[in-house]
Amino acid sequence: MRHFLTLKDFTKEEILEIIDIAIEIKKDLKDGVYKKQLEMQTLAMIFEKSSTRTRVSFETGMFQLGGHALFLSNRDIHLGRGEPVADTAKVISSMCDMVMIRTFEHSMIEEFAANSTVPVINGLTDSYHPVQLLADYLTMVEYGVEKDAVVAYVGDGNNMTHSWLMLAAKLGFELRIATPKGYEVNAEIIEEAFEIAKTSGSIIKVMNDPKEALSGATIVTTDTWASMGQEDEKEQRIKDFKGFMVDGLMMCLAAKDAKFLHCLPAYRGQEVSEEIMDEHTEIVFNEAENRLHAQKGLMVWLNKQRG
Ligand code: CP
Ligand code: NVA
């Protein structure tokens, strides 16, 4: 049995296997074919933070695979009133077939997984957002831009950045990360990524100049400047991130026909301009839809590992 907590725990081959299943599942859905690969299975979804895409994609995906999903907000279950994580994990995993968790501390999901008898999926923690990266990579493949990709991430050194680091390090593409001073990626995670990159050949560069990161990039991406849980810092961050908005002038520095990705929700006029969102609307909303297909691929893959 395997959990899906970070991409760090997965080989390149395994990540590509999940993407291949997702591609097949997406094609089936477009052809009106529903294979009940998770019939009679239940997915418990624990949300300690808000969500639009993660909730809708997991719940819809589970239904389309013949299973059922339970939405469990921490306001409704005893976890939010202090029942221990380990006890919650034992109880839920004794009744459900998979668990998806969106929470704050990454250690919470690790503790849950250690006490769970069924696969646990990270639906976002303060440290990582790996299911988003499956959808992002699926999008790169669909648009034929995954080969020799040079990805520029401009913005906050956060859970998305850490997941981009792991994906690049595992799959071997070039990643440049530009953050304002004081908002750099976690030092331990970057060290791990550098170590993994030695085997894959990935070139990873971190810097504070967005223009340098964008120069010749084939894919440009960003994320909100204030993640969930950082609402109080929003005003300060808007000041500190001055010069980091991905706008038309910035995109001009990237390669001709460079693609733009955004995990959403997007804050137009902050990390990205309205103009860039409009120009790249097709790929960005396809990226969002790909959450559904990628996670169905992931759940089918995790189910197969149980034998
Ligand atoms: N990108 C993403 O995870 O969106 P939600 O927060 O809406 O789930
Ligand atoms: N970094 C963002 C991602 C949202 C999908 C957050 O954690 O809020």
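Residues take their numbers from the sequence shown, with the count starting at 1. For ligands, and for the atoms within them, numbers begin at 1 and follow the listed sequence.
- The two residues Gly61 and Met299 make their nearest non-hydrogen contact at C-CE, 4.3 Å.
- Taking a cutoff of 4.0 Å between a charged side-chain nitrogen and a carboxylate oxygen, Glu14 and Lys12 do not qualify as a salt bridge.
- By the side chain to side chain contact (heavy atoms under 4.5 Å, CB included) test, Asn122 pairs with His106, Ile109, Thr125, Tyr128, Pro130, sequence neighbours left out.
- One finds no salt bridge joining Arg2 and Asp9 here, because no Lys/Arg side-chain nitrogen approaches an Asp/Glu carboxylate oxygen to under 4.0 Å.
- Contact detail for Gly123 and Thr54: the closest heavy-atom pair is O-CG2, 4.0 Å.
- For NZ of Lys211, the number of neighbouring non-hydrogen atoms (other residues, nucleotides, ligands) closer than 6.0 Å is 12 at most.
- Residues forming a side-chain hydrogen bond (donor to acceptor under 3.5 Å, both in side chains) with Lys35 (at least two apart in sequence, or on another chain): Asp28.
- A heavy-atom cutoff of 4.0 Å around ligand 2 is satisfied by the protein residues Leu124, His129, Asn158, Asn159, Asp223, Thr224, Ser227, Met228, Leu264.
- Tested against Phe47, the residues Phe71, Phe58, Phe104 include a single ring pair (Phe, Tyr, Trp, His ring centres under 6.0 Å) partner, Phe71.
- Protein residues having at least one heavy atom under 4.0 Å from any atom of ligand 1 are Ser51, Thr52, Arg53, Thr54, Arg102, His129, Gln132, Cys263, Leu264, Arg291, listed by chain and number.
- Salt-bridge formation is detected for the pair Lys30/Glu289: a Lys NZ or Arg NE/NH1/NH2 atom is positioned less than 4.0 Å from an Asp or Glu carboxylate oxygen.
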